[in-house]
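Right, one structure below, let's go through it.
Keep in mind the model is a prediction, meaning the values are calculated, not measured. Numbered from 1 within each chain, the chains take letters A, B, ... in sequence-line order. Atoms considered below: every heavy atom in the structure, side chains included; atoms not considered: hydrogens, waters and symmetry mates.
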Amino acid sequence: MNEQLIKDAYDAIAGTAVSPERVRARLNARVTAHRQRRLLLAGAGMATAAAAVGVPVALRVRRGEPAVPAASPAIELPPTEFRVVSLLFAPQWLPDGLVERFRAVKFDVASGKPLGGNRSWYPTGSPYTVEVPKGSVSFSVGERIDDGSGEPVMVGSVRGTLRVTDSAWVEWQPKGKPSMIVSVYGTADDTEIALRVARSVAATEETMLVTMDLPEVPEAFAGYATFEVNPTGNGTGVQTLGYTSADLRSGFRLTTEAPQPEQQYLAVERDGMTVYLPGELPGVVGDGVTLTEKESQNVINQVTFRPPDVSWAEF
Amino acid sequence: MTFEEFLTARLPALLRYATVLACDPHLAEDIVQEVLARAQPRWGRIAAADVPEAYVKRMIINELASWRRRRAARVVPLSYDALDAVSAPSDEPQRAVGERDEMIRRIARLPLKQRIVIALRFYEGLSDHEIADLLGCRPATVRSHTSRALASMRANFPTDFSSGTDFSSGTARIGG
């Protein structure tokens with residue numbers, strides 16, 4: 001055994017490295033997915049920290065003290081009948097001791113057709129948090145990881161993929177149905193639980209009440225909408241409604257979550273509730289169109305809302 | 001240097017570096033992807049450092065240690081698939097190939113810290129002090145890891161493979 005032998009061994013190991021193109025492709029896919037997620041699901045539950053990066057929106061500059069609304073337009077809005085969106089699928093089995101703590105639905109803006117959504121269950125007693133705590137299960141419909149990693153598993157009669165990182169992820173797509181993902185984090189056996197939850201998924205008649213609405217969505221953003229609610233444990237919750245273009249390159253969101261310090265925003269207050277239209281700084285991936293100032297004003301003036309339905313949430 | 005320029009110039013080397021440390025190309029791929037995804041949004045600050053590559057390499061080591069903790073029950077260093085991927089050119093003497101593959105197996109079986117130290121020493125060519133700086137430990141600790149790793153690698157090394165200069169006489173040449 002000599003030094004050259006060790007160096008030869010390392011050269012051989014180094015020679016097994018995957019191609020850089022493959023990693024670049026995964027990175028690009030990840031940036032795209034991150035962007036999609038941020039645009040569609042940005043808000044309390046998913047992307048609070050990421051909110052400072054994104055599509056620039058032409059808004060009047062207001063900084064700090066986000067509880068003070070920027071505008072309280074004296075506009076008479078017609079009574080709104082809020083949209084009800086199907087959750088499409090739901091797990092029929094979950095580990096004991098979990099309660100539902102996050103819901104989101106995605107739908108087509110023009111037709112209202114449900115496209116998917118996300119749900120998360122946390123251990124009973126978990127405090128309100130924007131981070132998923134250990135012991136949690138999440139289920140999403142209509143999302144894909146699709147990065148070529150993982151090992152094959154069977155979900156019923158469908159071939160799926162299992163990935164294990166700090167969580168276990170099971171992804172599958174029944175024929176003619178949207179893709180689905182179950183992820184389990186921080187349990188005694190993430191993989192076994194993820195597989196069991198995934199194999200229990202069936203169609204559901206459960207729905208989600210979308211308690212924010214925008215009657216006229218600027219055309220460039222009228223592709224998909226996502227509405228999410230993150231219950232805060234006091235009978236209400238943070239709600240966010242996001243709109244994106246069909247190519248996911250452009251988007252904006254309306255939220256009841258106060259903006260970050262230094263973040264630009266417009267706001268409207270009605271019946272003791274405030275909804276914000278945050279402006280976001282140009283980010284690392286920012287080639288979409290932006291709301292004009294006029295569009296921004298129209299959006300904040302026209303948004304209708306009421307307190308979210310959190311009857312499904314438990315603490 | 002922009003993030004794209006950095007990727008173009010250094011991604012292949014980073015992948016080889018991570019593969020050598022992890023002894024598993026697929027784990028290395030995951031780790032490099034994770035590290036770069038986290039580095040990208042704050043690239044301005046990282047690029048402002050004198051040597052951004054060193055910063056990213058440190059991130060890779062930290063990420064590897066983190067993944068090892070999280071996946072300890074599931075990950076077996078250097079899978080058989082990975083070993084199979086280390087194919088020998090056909091004109092390579094069979095005995096040399098056998099020695100090298102045996103060495104790969106021995107490296108892969110080393111505990112993580114020992115494996116990192118040995119890789120930094122023999123693949124990266126770093127000194128004890130440079131490795132200590134990178135790992136945030138004392139040079140004496142590096143020497144200790146090196147010594148133990150070499151002892152493990154040397155133990156019962158098949159005599160059929162013994163060739164060239166044997167350094168079983170001491171670790172001074174290679175272990176510091």
- Message: Among residues at least two apart in sequence or on other chains, which ones pass side-chain contact (heavy atoms from CB on, under 4.5 Å) with A/Thr124?
- Response: A/Val99
- Message: Run the salt bridge (charged side-chain N to carboxylate O under 4.0 Å, His left out) test against B/Glu130 and tell me which residues pass, sequence neighbours left out.
- Response: none
- Begin from the C-alpha positions of A/Tyr243 and A/Phe252 and carry the test ring-ring contact (aromatic ring centres under 6.0 Å, His included) through to its verdict. CA-CA 6 Å; A/Tyr243 289 95; A/Phe252 67 89; 5.5 Å; yes
- Message: Does anything in residues 12-20 of chain B reach chain A? List residues with heavy atoms under 4.5 Å apart, or say none.
- Response: B/Pro12, B/Leu15, B/Arg16, B/Thr19, B/Val20
- What part of B/Leu7 gets closer than 4.5 Å to chain A, counting heavy atoms only: side chain, backbone, both or neither? both
- Message: Quick check for you: to the nearest 0.5 Å, what is the distance between B/His145 atom NE2 and B/Ile118 atom CD1?
- Response: 10.5 Å
- Contacts of B/Lys113 that satisfy salt bridge (charged side-chain N to carboxylate O under 4.0 Å, His left out) - sequence neighbours left out: none
- Contact origin within B/Glu124 toward chain A - heavy atom pairs under 4.5 Å: neither
- In terms of heavy-atom contacts, A/Gln173 and A/Val158 come closest through O-CG1, 3.6 Å
- Ring centers of B/Phe6, B/Trp43 separated by less than 6.0 Å: yes
